[in-house]
Amino acid sequence: MSQNQRGALFMSASMAGFAVEDVLVKAAAREMPLAQVLLVIGLAGMLVFAAMAARRGEALFPAAFLSRAMLVRSAFEVTGRLFYGLAITLTALSTTSALLQATPLVVVAGAALIFGEKVGPARWLAVLLGFAGVLVILRPGADFSPLSLLAVVGFLGFAGRDLATRAAPKGLSNRQLGALGFAMLALAGAILMAVEARAVVPGIHGLALLAGGTLFAVLGYHGLTFAMRTGEVSAVTPFRYTRLVFAMVLAMALFGERPDLATWIGAAMVVGSGVVALRRA
């Protein structure tokens, strides 16, 4: 098996992990407040990555965390985590997952506008086509649901995080970034809990959902890290879109969702344009 094939395999596995995490978060939020779910999974994941960093002798709170770029990154991370969590809880998982696939397109456009990266006409056309796909999914008009904007704010937050990461100080390990990422998830939960001001004592089933959500979130992050370090980025990154396939299947099988034709068409536009934009990089 070539390096690119191994990278693609691990990328697909990590996307499956994230899709399962979304399902478990959505299910757990039916038994307890979403704020509690995000807070618990965030703290648990943070402890896992902090322990891994400590074993390697890495600082648990390096000074680089307080740099301007990392503070901006953290703010975007909290925004993405909070609104995406709300989206998968309050709207159809299939629709939210389809909208999430627009994140790389926003990153491409932002890299050109903010960092001055060269983006040719073909990639700009792909970005515009992807944004058109987002509008098809949102259906501005009679069928428009304001709650669908939660997913839009969520993927804009994730895109801002990815862009800020490019300006982040070098030398931070993936374990340190993982701990920080999960800490921001916990912070998102704490912010939401300040609004909801309630929590419940979960039963065995609820605890199992929280444990499973944490496990698949950590495994997904690890798989993503390994994938990006195995093979060529341009060959591996397009397999991020396998997350949509897993999410659609799980949403239909477990929640009885039936995405309509507009969602399928819009998702195909977003994914197709994203693959073209990445392959043309």
Side-chain angles (χ1 to χ4, degrees), residues 3 6-7 9-22 24-25 28 35-82 84-85 103 107 154 157-193 207-231 233 236-237 240 243:
Q3 290 289 88
R6 291 181 63 199
L9 178 61
F10 275 96
M11 178 63 77
S12 299
S14 72
M15 293 302 105
F18 287 135
V20 174
E21 176 202 0
D22 289 345
L24 294 173
V25 168
Q36 185 175 350
V37 175
L38 299 182
L39 181 61
V40 172
I41 292 179
L43 290 175
M46 180 187 69
L47 290 175
V48 171
F49 278 102
M52 294 169 60
R55 286 190 60 186
R56 295 292 187 95
E58 298 167 350
L60 298 182
F61 194 88
F65 279 179
L66 296 178
S67 66
R68 180 180 178 182
M70 290 303 297
L71 291 176
V72 171
R73 181 186 187 275
S74 296
F76 276 118
E77 177 103 45
V78 171
T79 301
R81 297 277 197 171
L82 176 58
Y84 184 69
T103 302
V107 173
F158 288 139
R161 174 201 62 190
D162 292 347
L163 287 168
T165 300
R166 297 184 177 214
K170 305 298 181 183
L172 291 174
S173 72
N174 290 315
R175 290 166 294 277
Q176 291 170 315
L177 290 175
L180 179 62
F182 276 95
M184 293 305 102
L185 176 60
L187 179 57
I191 293 172
L192 191 58
M193 185 167 285
L207 289 174
L209 291 174
L210 292 174
T214 302
L215 174 63
F216 281 99
V218 171
L219 291 177
Y221 185 90
H222 261 302
L224 176 62
T225 301
F226 191 89
M228 295 304 291
R229 289 183 167 182
T230 305
V233 174
V236 172
T237 302
R240 279 178 177 266
R243 179 172 182 168

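- A 4.5 Å side-chain heavy-atom check between V218 and F182 finds at least one atom pair inside the cut-off.
- Of all non-hydrogen atoms in A35 and G189, the two that sit nearest each other are CB-O, 3.4 Å.
- Going from atom CZ of R175 over to atom CZ of R56 covers 4.0 Å, rounded to the nearest 0.5 Å.
- Scanning all heavy atoms of the two residues, the minimum distance from M46 to A183 falls at SD-CB, 3.6 Å.
- L60 approaches A50 most closely through the heavy-atom pair CD2-O, 3.3 Å.
- Residues A164 and V72 come closest through the heavy atom pair CB-CG1, 4.2 Å.
- For the pair L187 and E77, the minimum side-chain heavy-atom distance is 4.5 Å or more.
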Query - Chi angles and distances behind the side-chain contact (heavy atoms from CB on, under 4.5 Å) call for F65, L172 - result: CA-CA 9 Å; F65 279 179; L172 291 174; 4.1 Å; yes
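- Residues R240 and T103 fail the side-chain proximity criterion, which asks for heavy atoms closer than 4.5 Å.
- Considering all non-hydrogen atoms of both residues, L39 and A186 come closest at CD1-O, 3.4 Å.
- From E21, atom CD reaches atom CD1 of I41 across 6.0 Å, with rounding to the nearest 0.5 Å.
- Counting heavy atoms from C-beta on, the side chains of N174 and H222 never come closer than 4.5 Å.
- Looking only at side-chain heavy atoms (C-beta outward), T79 and F158 stay at 4.5 Å or farther from each other.
- A heavy-atom distance below 4.5 Å is not found between the side chains of L38 and R81.
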**Report entry** Worked verdict on L180 versus S74 for side-chain contact (heavy atoms from CB on, under 4.5 Å)
**Finding:** CA-CA 8 Å; L180 179 62; S74 296; 3.9 Å; yes
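- The shortest non-hydrogen separation linking G220 to S14 is O-CB, 3.2 Å.
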Query raised in the report: F61 and Q176: side-chain contact (heavy atoms from CB on, under 4.5 Å), yes or no, with the steps?
Result: CA-CA 8 Å; F61 194 88; Q176 291 170 315; over 6 Å; no
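- Ion pairing between D162 and R73 fails under the 4.0 Å rule for side-chain N and carboxylate O.
- By the 6.0 Å contact criterion, CZ on F216 is open, its count of non-hydrogen atoms from other residues, nucleotides or ligands being 12 or less.
- Between Y221 and F49, the distance separating the two ring centers is shorter than 6.0 angstrom.
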